[in-house]
Amino acid sequence: MSGRTKENKDISSSDERNTPLADTRKKGSCCRRCIFWTVSIIVGLIAVGAGFFYYHLRNPFYVSDEIYESIGQNGVQLFFQHDRNKDGYLSIDEFESVIHRFISSGGNITVDSFNYELPIDVEDSIVTVKSYFSPLRLETMTKDFESEGSLFSFAKQDSISGLKEWRTASAEWMNFGVKHFKVFLPPSENYITDPENIYHIVKYEKSFTDMVKPISNNRYYPPRLEEDQHILQRLLNMFHPRPFLINRFAPQGAIACVRAYNQDYIDIVFRLHAEFQLNEPPRYPFWFTPAQFKGNLIISRDYTKILYFNMYVPNDRKLNVDMEWLNGPKESENMEVDIGYMPEMTLNITGVSIKLGPDNQYIRDIPIPQDPRLLQKVKDLKWSKEITQQEAQKKLEIYLYPFKKVPYYNFTTAIDKARDENKLIHSILLWGALDDQSC
Ligand SMILES: *[C@@H]1O[C@H](CO)[C@@H](O)[C@H](O)[C@H]1NC(C)=O
Ligand SMILES: *[C@@H]1O[C@H](CO)[C@@H](O)[C@H](O)[C@H]1NC(C)=O
Ligand SMILES: *[C@@H]1O[C@H](CO)[C@@H](O)[C@H](O)[C@H]1NC(C)=O
């Protein structure tokens with residue numbers, strides 16, 4: 001610092017006219033360098049930008065990370081192999097060869113192939129399952145579809161049309177054989193006698209790649225299921241044609257435990273998480289995820305007779321359905337999320353199962369009349385050992401959500417507790433619930 005001052009002083013003293021010039025020259029070279037670098041950087045940025053743009057525009061081989069994660073290396077390869085003119089699109093001719101390849105390897109993209117037929121054995125007993133359905137109350141959603149008069153509202157209306165059009169269950173009743181319910185049964189005797197034993201009805205086996213990537217939203221038709229699970233798809237089909245037994249997000253699948261037993265019967269409590277795809281192409285996907293399905297099955301210990309079956313989406317909370325849909329092609333930009341309330345989504349049987357004898361095979365195709373005393377009969381059952389319905393449901397809940405091991409209280413009870421124990425309350429308000437899918 002001092003050196004410089006000294007130098008300046010020296011210059012000024014030796015040649016006064018030189019001073020401003022020297023300064024300007026110094027400043028000028030600095031400025032020129034400055035401009036040089038700025039321009040270089042800008043030119044560089046433009047070049048990179050143009051290259052990027054050109055690459056995306058001209059390079060049909062560009063695949064987004066989202067797609068890569070979703071269909072993997074093999075899927076991407078399959079696409080490019082069939083995109084014969086390398087324009088980044090499959091034409092109908094190119095698609096033709098994909099379909100032939102698919103069919104010859106045993107695939108079948110007929111939607112109907114997922115509406116599993118469940119033939120009832122001549123020796124079996126039958127039950128009639130009846131559906132109760134009351135559509136989602138649109139006014140409980142935060143999105144206001146009616147007043148959205150924007151340019152894009154047409155696309156939005158189109159996306160939610162699957163929801164708006166779902167006014168009734170797809171089947172009012174359906175007959176099933178008792179044997180079809182096999183998938184609900186405990187795997188062995190010690191699951192009956194020890195209520196601590198929880199078992200899986202549907203288990204989502206994660207492959208290694210599933211651990212890192214979520215299940216794609218970009219799907220319309222349910223995947224093929226193991227034969228013993230066809231009944232679950234068929235039951236859910238009574239509400240809507242496109243149920244997905246494995247949710248995109250945890251908790252996935254279905255679990256159960258035996259709540260009560262006596263010499264003749266067991267009472268199975270189960271909890272199922274499934275979702276529905278309400279749209280078909282060309283509409284964008286619309287996912288409808290009920291909070292959960294709860295249920296009971298009372299079946300004889302020789303598995304030949306059903307006394308009771310009931311399965312429902314709880315409606316005791318203000319919100320019980322999560323919804324996610326796309327208003328455009330890009331998941332990152334066009335994804336919409338909302339929660340709503342659906343008053344009723346229930347399946348239950350009309351009466352105890354009836355044996356198909358040689359003389360009454362015809363009843364296979366007609367509904368068993370509603371038995372008004374069914375619930376009373378169930379209440380009158382005497383159990384040798386039992387836990388309460390709430391205890392059983394709680395066990396399943398803790399299994400799926402370990403954080404529920406800590407007791408949770410509602411607001412009024414929490415205030416009483418805090419007063420009793422002289423503790424403070426830390427209050428967090430949530431939109432939806434953390435212990436089911438409605439959030
Ligand atoms: C695909 O499945 C449908 C319905 O199950 C059937 O009618 C059709 O013949 C099948 N197509 C092929 C190629 O197997
Ligand atoms: C079946 O469900 C309906 C609708 O929730 C209910 O009114 C009825 O009592 C249930 N029947 C049995 C036997 O659980
Ligand atoms: C909270 O829970 C208690 C005990 O379960 C119940 O009596 C009370 O009505 C509940 N209060 C509210 C606001 O839900």
Side-chain angles (χ1 to χ4, degrees), residues 125-137 167-176 178 181 184 235-240 256 259-260 265-272 290-300 305-321 341-354 367-381 383 388-394 397-398 404 406-421 423 425 427-436 438:
S125 297
I126 64 159
V127 286
T128 298
V129 175
K130 217 174 148 192
S131 68
Y132 299 83
F133 180 86
S134 169
L136 186 109
R137 297 234 168 103
R167 309 300 301 167
T168 55
S170 35
E172 221 173 283
W173 63 271
M174 218 177 251
N175 282 354
F176 291 87
V178 169
F181 287 81
F184 286 96
L235 286 168
L236 293 168
N237 269 151
M238 291 182 69
F239 296 119
H240 192 276
R259 183 194 73 79
Y265 293 99
I266 57 176
D267 181 2
I268 296 163
V269 173
F270 61 89
R271 174 168 173 156
L272 170 78
Q292 60 168 308
F293 288 91
K294 283 180 175 175
N296 285 74
L297 170 67
I298 302 180
I299 191 166
S300 65
K305 199 171 171 194
I306 288 178
L307 284 193
Y308 185 63
F309 176 76
N310 186 42
M311 169 172 152
Y312 64 100
V313 175
N315 57 5
D316 54 346
R317 285 178 169 167
K318 288 207 171 82
L319 299 164
N320 61 358
V321 179
Y341 179 75
M342 147 170 250
E344 178 94 70
M345 197 171 192
T346 301
L347 295 175
N348 58 35
I349 58 172
T350 54
V352 302
S353 59
I354 294 179
I368 297 174
Q370 188 81 49
D371 175 1
R373 294 198 51 252
L374 181 62
L375 271 176
Q376 196 52 48
K377 283 181 190 165
V378 169
K379 282 200 187 108
D380 291 345
L381 282 170
W383 301 106
T388 65
Q389 182 75 17
Q390 288 70 30
E391 282 169 331
Q393 285 172 352
K394 189 87 197 161
E397 182 178 84
I398 289 172
K404 295 290 291 236
V406 177
Y408 280 71
Y409 301 108
N410 68 23
F411 199 63
T412 44
T413 316
I415 287 182
D416 293 341
K417 280 258 169 203
R419 199 176 290 130
D420 288 349
E421 299 182 13
K423 283 185 178 148
I425 296 177
S427 164
I428 300 171
L429 210 57
L430 287 174
W431 178 48
L434 288 180
D435 58 359
D436 61 31
S438 67

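Both ligands and their constituent atoms are indexed starting at 1 by order of listing.
Counting heavy atoms closer than 4.0 Å to ligand 2, residue Tyr308 contributes side-chain atoms (C-beta onward) but none from N, CA, C or O.
For the pair Glu397 and Lys394, the salt-bridge criterion is met [side-chain N within less than 4.0 Å of a carboxylate O].
For ligand 2, one of its N or O atoms has an N or O atom of Asn348 under 3.5 Å away.
Of the possible polar contacts, one joining the Ser131 side chain to the Ala171 backbone as a donor-acceptor pair under 3.5 Å is found. Checking side-chain atoms of Asn320 against main-chain N and O of Pro314 turns up a donor-acceptor pair under 3.5 Å. With Ser353 contributing its side chain and Lys305 its backbone, the two residues share no donor-acceptor pair below 3.5 Å.
Checked against salt bridge (Lys or Arg N to Asp or Glu O under 4.0 Å), Lys417 has no partners two or more places apart in sequence or in another chain. The ring-ring contact (aromatic ring centres under 6.0 Å, His included) test applied to Phe181 returns Phe184, Phe309, not counting sequence neighbours. The salt bridge (Lys or Arg N to Asp or Glu O under 4.0 Å) search around Arg259 returns Asp267, Glu386, not counting sequence neighbours.
Close approach of ligand 2 to Glu344 (heavy-atom distance below 4.0 Å) involves ligand atoms 4 (C), 5 (O). Distances below 4.0 Å separate heavy atoms of Leu374 from the following atoms of ligand 2: 13 (C).
Summarising the geometry, atom NZ belonging to Lys379 is positioned 5.5 Å from atom CG belonging to Leu375; distances are rounded to the nearest 0.5 Å.
In this structure, Lys130 falls outside the shell of residues with a heavy atom less than 4.0 angstrom from ligand 2.
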Can you produce the list of protein nitrogen or oxygen atoms under 3.5 Å from a nitrogen or oxygen of ligand 3, alongside each distance?
unit_1: ligand 3; atom_1: 2 (O); unit_2: Asn410; atom_2: ND2; d: 2.4
unit_1: ligand 3; atom_1: 2 (O); unit_2: Thr413; atom_2: OG1; d: 3.2
unit_1: ligand 3; atom_1: 11 (N); unit_2: Asn410; atom_2: ND2; d: 2.9
unit_1: ligand 3; atom_1: 11 (N); unit_2: Thr412; atom_2: OG1; d: 3.1
unit_1: ligand 3; atom_1: 14 (O); unit_2: Asn410; atom_2: ND2; d: 3.2

